[in-house]
Q: 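Pasting in a structure now, in structure tokens, and then I'll have a few things to ask.
Below, read A as the first sequence line, B as the second, and so on, with proteins coming before strands; counting in each chain starts at 1. Computed from a predicted model, the values in this text were never measured in an experiment.
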Amino acid sequence: MLELHYLRDHKKEAIDALSKRKIDATELINTILELDEKRRSNQTELDAILAESNNISKSIGLLYKEGKRDEANLLKEKTSVLKSKSKDLDHLQQEIKDNLQQALWAVPNVPNEKVRAGNSEAENEEVKIVGEKPNLGENNKAHWDLADQYDLIDFELGVKISGAGFPVYKGKGARLQRAMINFFLDENCKAGYKEYQPPHFVNEESGYGTGQLPDKEGQMYHMQDDNLYAIPTAEVPVTNFFRDEIVKLEDLPIQCTAYTPCFRREAGSYGKDVRGLNRLHQFDKVEIVNVAHPDKSYDLLAQMVKHIEGLLEKLGLHYRILRLCGGDMGFTAAITYDFEVWSAAQERWLEVSSVSNFETYQSNRLKLRYRGEDNKTHLCHTLNGSSLALPRVLAALLENNQMEDGIRIPEVLIPYTGFDKI
RNA sequence: GGAGAGGUGUCCGAGUGGCUUAAGGAGCACGCUUGGAAAGCGUGUGUGCGGGCAACCGCACCGAGGGUUCGAAUCCCUCUCUCUCCGCCA
């Protein structure tokens, strides 16, 4: 949620920047500013009436004490008028605030100056590419065939007990999953992140805090009886740790990492995109979340990018980094870098990480602030990234490392798997 | 699931309709005191919104939302969360 004072002072700038998302926010922002104008004048009026009413009430108390009943009753009549007036204004104010809230929720975050205008993923900018496409030779197989051949993943069994998109990992496949989770967590901890195990279900407020609600309602699994949502990413519970908190300046940046399964309904996906491990309803991911001082958040973003590059390099994967264009960026992000690995048998890039700076967009909703040198409260910046999402890393590892007589395990994972080949 | 007790500021904790402008204590900050420290003394110490160049002023907030009243932390209703006991249970 954008800050009102920002929209007041930088209206044109905001509209220009938002146009990079290929939306015209002019009307919406005008509505917001009008509502804000109304809200403020109404507030002033309401406060004045309440102040007068408070004073009269105090006088009535005193008059009763002195036994001046008649005078007190006279004043009572006066307040009844004020009361009905204040009630009307109060209702109006509530209505204005609700409308203002709705309108503010409808405006996505303002893209950073580096973000290029664009409609879709076709216009994303490739900012870096590392490594080379492995040469697999004639008889290479896609990961779903390899998974079958080496008895690593049972998609059919998942369908039987849950449905499509819920694979069952087994044997060395399960072990490799566990190895990657541990490896990623260990690397994140070494880089200064503190490890957490958050709940996998969150309440409604948490959904609003990070921006999944109200607009992405249908993308989450919802347990109606208890009104809880299955987390689509650890970002949701972990970032919400800090909801309604005022953190200490010296504690920044706060760096968290967590492994969780992620649950996504993925309504509307189809075709080759969903084959094998490419898109799942349940998958494992290790996430990093940063709460930062506004002046430091872009340095941190650079560090996060560097850190994730390190992971991919250690795994020996051919990868590239994209800076998303306005139209492909998530609603709440100011800037996003996607990491894609080359899946050699499918001959396509697979997204394995998405790193974003949300600036104050999330913290404004969360009411996540720090106390500055000036002793006042200011909104923090929040950032997060996957480090990493497992299924597509697994897909790429299986495909890229396949050999005549098995699949090679990257050196860094061997201490975790206990085997060097599948 | 059943029964009971609770939710007050950064924390502890008093407060059953108006001298509450939320007592008192702790913590924290600053000052005094001291050779230095502790103790002691003094002062300050929440959040949000509105107004103002500012000092400052006003309004709201005692789990949440309604209600009664001229006036609610206090009375009434609904919801919610926590704790204790019982039941069930990895």
Side-chain angles (χ1 to χ4, degrees), chain A residues 1-9 32-105 197-209 213 223-229 237 240-252 254 261 360 362-380:
Chain A
M1 185 165 74
L2 293 172
E3 294 172 81
L4 268 173
H5 71 83
Y6 167 79
L7 288 174
R8 261 183 234 145
D9 300 340
I32 287 168
L33 294 178
E34 278 165 32
L35 284 168
D36 181 45
E37 205 51 53
K38 267 193 218 165
R39 178 187 63 92
R40 289 193 290 164
S41 65
N42 207 53
Q43 185 73 53
T44 307
E45 200 178 336
L46 178 60
D47 283 356
I49 289 171
L50 288 175
E52 192 181 348
S53 184
N54 284 343
N55 281 329
I56 292 174
S57 287
K58 266 177 212 160
S59 311
I60 291 173
L62 290 173
L63 288 172
Y64 268 120
K65 219 151 244 164
E66 294 166 20
K68 298 175 180 168
R69 282 192 161 269
D70 293 345
E71 284 182 50
N73 285 334
L74 219 68
L75 284 178
K76 275 194 196 180
E77 283 172 31
K78 206 170 163 189
T79 51
S80 75
V81 180
L82 290 176
K83 197 182 172 184
S84 74
K85 224 194 254 181
S86 74
K87 225 169 200 175
D88 289 347
L89 283 176
D90 194 47
H91 285 142
L92 180 63
Q93 188 69 345
Q94 201 49 56
E95 200 184 311
I96 294 168
K97 280 185 176 171
D98 287 348
N99 291 338
L100 185 57
Q101 180 77 96
Q102 294 294 327
L104 277 170
W105 274 337
Q197 287 196 5
H200 298 169
F201 299 156
V202 294
N203 57 27
E204 213 175 357
E205 279 174 292
S206 297
Y208 279 97
L213 297 174
M223 277 139 285
Q224 273 185 327
D225 284 350
D226 300 293
N227 197 23
L228 292 171
Y229 293 86
N240 272 282
F241 289 167
F242 307 101
R243 172 153 46 86
D244 294 319
E245 295 291 328
I246 300 172
V247 299
K248 291 188 189 140
L249 184 61
E250 62 264 32
D251 290 342
L252 296 177
I254 302 173
T360 59
Q362 283 184 331
S363 60
N364 192 26
R365 283 195 182 193
L366 290 162
K367 307 251 174 300
L368 163 53
R369 294 149 293 168
Y370 68 94
R371 196 171 295 286
E373 306 264 358
D374 56 2
N375 220 29
K376 289 182 182 157
T377 59
H378 307 274
L379 292 173
C380 299

Q: So which nucleotide does A22(B) pair with, by the Watson-Crick or G-U wobble rule with both distances under 3.5 Å?
A: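 A22(B) is unpaired by these criteria.
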Q: Using atom P of each nucleotide, how far apart are G25(B) and G44(B) to the nearest Å?
A: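 Straight-line distance between the two P atoms is 14 Å.
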Q: For Glu34(A), what residues pass the side chain to side chain donor-acceptor pair (under 3.5 Å) criterion, not counting sequence neighbours?
A: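 For Glu34(A), no residue satisfies side chain to side chain donor-acceptor pair (under 3.5 Å) once neighbours in sequence are set aside.
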Q: Sticking with atom C1', work out how far G9(B) lies from C61(B), rounded to a whole angstrom.
A: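 Result for the C1' pair: 11 Å, nearest Å.
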Q: For RNA chain B, which residues of residues 40-57 of chain A approach it to below 4.0 angstrom with any heavy atom?
A: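 Going residue by residue through residues 40-57 of chain A, the ones with a heavy atom under 4.0 Å of RNA chain B turn out to be Arg40(A), Gln43(A), Thr44(A), Asp47(A), Leu50(A), Ala51(A), Asn54(A), Ser57(A).
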Q: What donor-acceptor contacts under 3.5 angstrom involve side-chain atoms of residues 46-54 of chain A, with partners at least two apart or in another chain?
A:
unit_1   : atom_1 : unit_2   : atom_2 : d
Asp47(A) : OD1    : Gln43(A) : NE2    : 3.0
Asn54(A) : ND2    : Leu50(A) : O      : 3.4

Q: Nearest nucleotide by nearest heavy atom, which residue falls closer to the 5' end of RNA chain B, Leu4(A) or Arg371(A)?
A: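 It is Arg371(A) whose nearest nucleotide is closer to the 5' end.
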Q: Does G1(B) have a Watson-Crick or wobble partner in any strand here, with both distances under 3.5 angstrom, and which is it?
A: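 Pairing partner, where one exists within any strand: C86(B).
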Q: Going by purine N1 to pyrimidine N3 plus the second Watson-Crick contact, or the G-U wobble pair, all under 3.5 Å, which nucleotide sits opposite U43(B)?
A: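 Here U43(B) is engaged in a pair, and the nucleotide opposite it is A29(B).
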Q: Please compare Ile60(A) and Arg39(A) by the position of their nearest nucleotide in RNA chain B and report the one closer to 5'.
A: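 Per heavy-atom nearest nucleotide, the more 5' residue is Arg39(A).
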Q: Pick the C1' atom in U10(B) and in C28(B), then give their distance to the nearest Å.
A: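 U10(B) and C28(B) have their C1' atoms separated by 9 Å.
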Q: Watson-Crick or G-U wobble partner for U78(B), using a 3.5 Å limit on both distances?
A: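 A64(B) - that is the nucleotide pairing with U78(B), both distances being under 3.5 Å.
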Q: For the C1' atoms, the ones on U20(B) and on U16(B), what distance do you get once it is rounded to whole angstrom?
A: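 Pairwise C1' distance, U20(B) against U16(B), rounds to 14 Å.
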Q: What interatomic distance, in whole Å, is found between P of G46(B) and the corresponding atom of G6(B)?
A: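 Their P atoms lie roughly 31 Å apart.
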Q: Check step by step if side chain to side chain donor-acceptor pair (under 3.5 Å) holds for Asn42(A) and Arg39(A).
A: CA-CA 5 Å; Asn42(A) 207 53; Arg39(A) 178 187 63 92; over 6 Å; no
Q: According to side chain to side chain donor-acceptor pair (under 3.5 Å), who are the partners of Asp251(A), at least two apart in sequence or on a separate chain?
A: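 Partners of Asp251(A) by the side chain to side chain donor-acceptor pair (under 3.5 Å) criterion come out as none, since no residue qualifies.
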Q: Kindly write out the residues that satisfy side chain to side chain donor-acceptor pair (under 3.5 Å) with Asn203(A), not counting sequence neighbours, or none if the list is empty.
A: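 Ser206(A).
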Q: A14(B) pairs with which nucleotide, Watson-Crick or G-U wobble, both distances below 3.5 Å?
A: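 Result: none.
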Q: Which one is paired to G58(B), where only Watson-Crick or G-U wobble pairs with both distances under 3.5 angstrom count?
A: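 Answer to the pairing question: C49(B), which forms a Watson-Crick or G-U pair with G58(B).
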Q: Who pairs with Phe241(A) by ring-ring contact (aromatic ring centres under 6.0 Å, His included), at least two apart in sequence or on another chain?
A: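 For Phe241(A), the residues satisfying ring-ring contact (aromatic ring centres under 6.0 Å, His included) (neighbours in sequence not counted) are Tyr196(A).
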Q: Between U80(B) and G66(B), how many Å separate the two C1' atoms, rounded to a whole number?
A: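 To the nearest whole Å, 14 Å.
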Q: Would you mind reporting whether Leu368(A) and Arg243(A) have side-chain heavy atoms less than 4.5 Å apart?
A: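 In short, these two side chains do not touch, never coming nearer than 4.5 Å.
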Q: His91(A): which residues meet the side chain to side chain donor-acceptor pair (under 3.5 Å) condition with it, sequence neighbours left out?
A: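 With neighbours one apart ignored, the set is empty.
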Q: Counting Watson-Crick and G-U wobble pairs only, both distances under 3.5 Å, name the nucleotide matched with U69(B), or none.
A: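 Checking every strand shown, U69(B) finds no partner, since no pair has both distances under 3.5 Å.
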Q: Considering only atom C1', compute the distance from G17(B) to U74(B) and round it to an integer number of Å.
A: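 Comparing C1' positions in G17(B) and U74(B) gives a spacing of 7 Å.
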Q: Walk along RNA chain B from 5' to 3' and tell me the first and last nucleotide with an atom closer than 4.0 Å to a non-hydrogen atom of chain A.
A: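 First and last nucleotides in contact are G18(B) to G71(B).
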Q: May I ask you to say whether Asp90(A) pairs ionically with Lys87(A), meaning some side-chain N is under 4.0 Å from a carboxylate O?
A: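 Salt bridge between Asp90(A) and Lys87(A), a charged N being under 4.0 Å from a carboxylate O: no.
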Q: The criterion is ring-ring contact (aromatic ring centres under 6.0 Å, His included); which residues satisfy it with His378(A), sequence neighbours excluded?
A: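 If we apply the ring-ring contact (aromatic ring centres under 6.0 Å, His included) test to His378(A), skipping adjacent residues, the hits are Tyr370(A).
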Q: Measuring only the P atom in each nucleotide, how far is U21(B) from C62(B)? A whole number of Å is fine.
A: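 After rounding to an integer number of Å, I get 15 Å for this pair.
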